[in-house]
**Q** 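So that we are looking at the same thing, I have put the structure below in structure tokens.
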Amino acid sequence: MTGCRVCGAALGAPDHAAPPPAMTSLSTWLEVPTKVWVCRACGHVQSPDLPDVQAFYDHDYRISLQSDDHDQLYEMGADGPVFRTAHQAALLAALDLAPGARLLDFGAAKATTTRRLLTLRPDLVPHVFDVSEDYRPHWAQWVPAAQQATYALPADWSGRFDLITAHFVLEHVAAPVPVLADLARCLAPGGRLFFTVPDPIGNPGDLLVADHLNHFVPASIHAALAAAGLHATSLRQDLFRGAHVVVAEPGPGAAPAPDTAPALALLAEWQRLFAALAALPAQGARIAVYGAGFYGALFAPRLGQGLVAFLDRNPHLQGGTLHGRPILPPESCPPVDLVVAALNPARARAILPPDAPWLPQGARILYPGDPA
């Protein structure tokens with residue numbers, strides 16, 4: 001890369017580089033190196049384009065198409081699992097939309113969040129958009145054909161929408177400012193843009209996701225919005241764990257001075273952690289990985305033949321496999337010497353306490369940041 005995706009400032013050598021393969025957000029590998037740059041001008045953190053980004057999203061990025069009820073676990077609540085689309089729908093329901101408001105789900109995939117929202121607000125008028133035709137069979141069950149679009153936003157959608165949502169979409173786009181400007185074009189007077197993007201400081205694994213071309217920090221969110229003729233009326237990290245939740249409207253805005261130190265420090269810590277994991281196979285330990293999501297898939301190849309199983313509480317993953325190893329409920333953990341916490345480092349001990357009652361006798365837990 002030679003220029004920042006947000007402000008266009010010149011970039012030098014990458015601040016993190018690792019040889020292939022690289023990990024995607026769907027926990028699959030791509031035969032490309034992992035490279036990350038931190039822009040000193042606006043603070044934006046970014047990764048290089050995929051070899052064929054359009055083909056990747058058109059044919060390979062088949063999110064939640066494993067089954068009709070596939071979803072991603074957000075947290076374990078007092079009453080059981082809380083899934084991501086239900087949490088997103090609750091955030092939208094709190095926006096106090098006018099009766100009959102027209103909604104566009106941009107980068108909709110199966111648009112499960114919008115479908116859940118309609119159970120709470122059946123008066124809303126849904127529209128859906130994605131850069132793939134794969135989701136049309138799901139949309140056709142409940143969205144009229146005239147309210148669907150793929151590949152490019154129609155010209156006659158200008159000024160149409162009271163709310164546009166983009167749930168974890170903008171991190172994937174090669175040119176975020178033009179995309180934001182196109183969404184601004186489609187807002188009706190008084191309309192709002194609601195979007196979520198990963199927080200790479202609150203969820204450091206995002207820094208290494210190959211198909212997340214953008215790793216937004218607050219300064220670069222404000223800079224991107226301002227360049228697109230928008231400004232944030234709300235930018236929060238407490239509404240969705242590990243993410244920025246943003247509400248924006250048309251109008252001038254400004255970006256604060258960037259602080260690049262946190263991202264640079266996290267990139268250095270990833271280098272240290274990978275070296276520690278790579279040293280484990282020589283110790284001959286039997287290893288289970290707690291977490292069969294992105295972190296689990298990221299750690300697994302570095303653990304060699306000592307890895308015997310993954311442990312995960314998501315019922316949609318249990319019974320499957322990852323890297324040829326079974327995905328089990330934690331209570332079914334086989335005898336192991338070590339459980340690697342493949343979790344967001346900021347929350348690993350809260351999710352997996354060191355005295356977990358199912359832990360096999362004599363086994364210890366290795367948390368990110370611990371010495372191996």
Side-chain angles (χ1 to χ4, degrees), residues 5 22-32 47-72 83-85 88-89 92 102-118 125-158 160-161 163-183 185-186 193-198 206 209-216 243 293-294 297 316:
R5 296 184 188 278
M23 177 66 69
T24 75
S25 57
L26 297 183
S27 300
T28 58
W29 292 96
L30 294 177
E31 286 301 318
V32 297
S47 299
D49 291 352
L50 298 179
D52 189 342
V53 66
Q54 180 59 49
F56 178 76
Y57 291 112
D58 196 0
H59 303 297
D60 299 330
Y61 190 75
R62 299 172 61 79
I63 189 166
S64 296
L65 285 175
Q66 294 95 323
S67 64
D68 286 341
D69 64 349
H70 183 270
D71 206 341
Q72 294 173 320
F83 291 98
R84 191 174 90 170
T85 56
Q88 291 173 166
L92 296 177
R102 291 169 294 184
L103 167 69
L104 169 61
D105 191 338
F106 178 82
K110 292 194 301 185
T112 308
T113 296
T114 294
R115 198 167 188 178
R116 286 183 180 273
L117 177 62
L118 290 177
V125 182
H127 297 65
V128 289
F129 170 86
D130 212 292
V131 291
S132 173
E133 293 284 323
D134 288 341
Y135 304 105
R136 283 196 185 270
H138 295 275
W139 299 343
Q141 302 172 35
W142 58 284
V143 181
Q147 293 161 215
Q148 305 174 21
T150 55
Y151 302 120
L153 291 170
D156 63 0
W157 282 11
S158 294
R160 175 175 294 200
F161 300 107
L163 180 68
I164 298 176
T165 66
H167 305 289
F168 297 100
V169 174
L170 296 174
E171 64 269 24
H172 295 275
V173 303
V177 171
V179 169
L180 286 167
D182 204 22
L183 295 177
R185 166 183 70 85
C186 294
L193 170 63
F194 173 102
F195 66 90
T196 49
V197 289
D206 180 72
V209 182
D211 54 305
H212 288 186
L213 311 185
N214 304 291
H215 313 283
F216 287 98
F294 173 81
H316 297 300

**Q** Could you tell me the separation between the CD1 atom of I164 and the CZ atom of F194, rounded to the nearest 0.5 Å?
**A** 13.5 Å

**Q** Please identify which of these residues, D105, T112, V197, meets the side-chain contact (heavy atoms from CB on, under 4.5 Å) condition with H167.
**A** D105

**Q** Is D130 salt-bridged to K110, cutoff N-O under 4.0 Å?
**A** no

**Q** Does a side-chain heavy-atom distance below 4.5 Å link R115 with Q141?
**A** yes

**Q** Please name the pair of heavy atoms, one in A210 and one in L50, separated by the smallest distance, quoted to 0.1 Å.
**A** O-CD2, 3.6 Å

**Q** If I compare all heavy atoms of A297 with all of W29, which pair ends up nearest, and what's the gap?
**A** O-CZ2, 3.3 Å

**Q** Between L183 and F161, is there a side-chain heavy-atom distance shorter than 4.5 Å?
**A** no

**Q** Roughly how far, to the nearest 0.5 Å, is the OG1 atom of T114 from the CH2 atom of W142?
**A** 5.5 Å

**Q** Hey, could you give me the CG/CD distance between L117 and Q88, rounded to the nearest 0.5 Å?
**A** 11.0 Å

**Q** Are the side chain of R5 and the backbone of S47 linked by a donor-acceptor contact shorter than 3.5 Å?
**A** yes

**Q** Determine whether a donor-acceptor pair (N or O, by modelled atom type, separation under 3.5 Å) exists between the side chain of E133 and the backbone of T150.
**A** no

**Q** If you round to the nearest 0.5 Å, how far is CZ of F195 from CG of L180?
**A** 6.0 Å

**Q** Please round to the nearest 0.5 Å and tell me the distance separating atom OG1 of T165 and atom CG of L104.
**A** 6.5 Å

**Q** Where the side chain of H215 meets the backbone of D206, is there a donor-acceptor pair that is under 3.5 Å apart?
**A** yes

**Q** What pair of heavy atoms forms the shortest contact from A174 to D49, and how long is it?
**A** CB-OD1, 3.9 Å

**Q** Using a 3.5 Å distance criterion without hydrogens, assess whether the side chain of N214 forms a donor-acceptor pair with backbone atoms of L170.
**A** yes

**Q** Using the ring of each side chain (for Trp, its six-membered ring), is H212 parallel, tilted or perpendicular to H172, with breaks at 30° and 60°?
**A** perpendicular

**Q** Could you tell me if the side chain of L103 sits less than 4.5 Å from the side chain of L92, heavy atoms only?
**A** no

**Q** List the atom of F129, the atom of W139, and the distance in Å for their closest heavy-atom pair.
**A** C-CH2, 4.0 Å

**Q** Output the distance between atom CE (M23) and atom CG (L30), rounded to the nearest 0.5 Å.
**A** 9.5 Å

**Q** Within the structure provided, determine whether F106 and C186 are in side-chain contact (heavy-atom separation under 4.5 Å).
**A** no

**Q** Quick check: does any side chain N or O of E171 sit under 3.5 Å from a backbone N or O of V169, one acting as donor and the other as acceptor?
**A** yes

**Q** Which residues pass the side chain to side chain contact (heavy atoms under 4.5 Å, CB included) test with P154, not counting sequence neighbours?
**A** A149, D156, W157

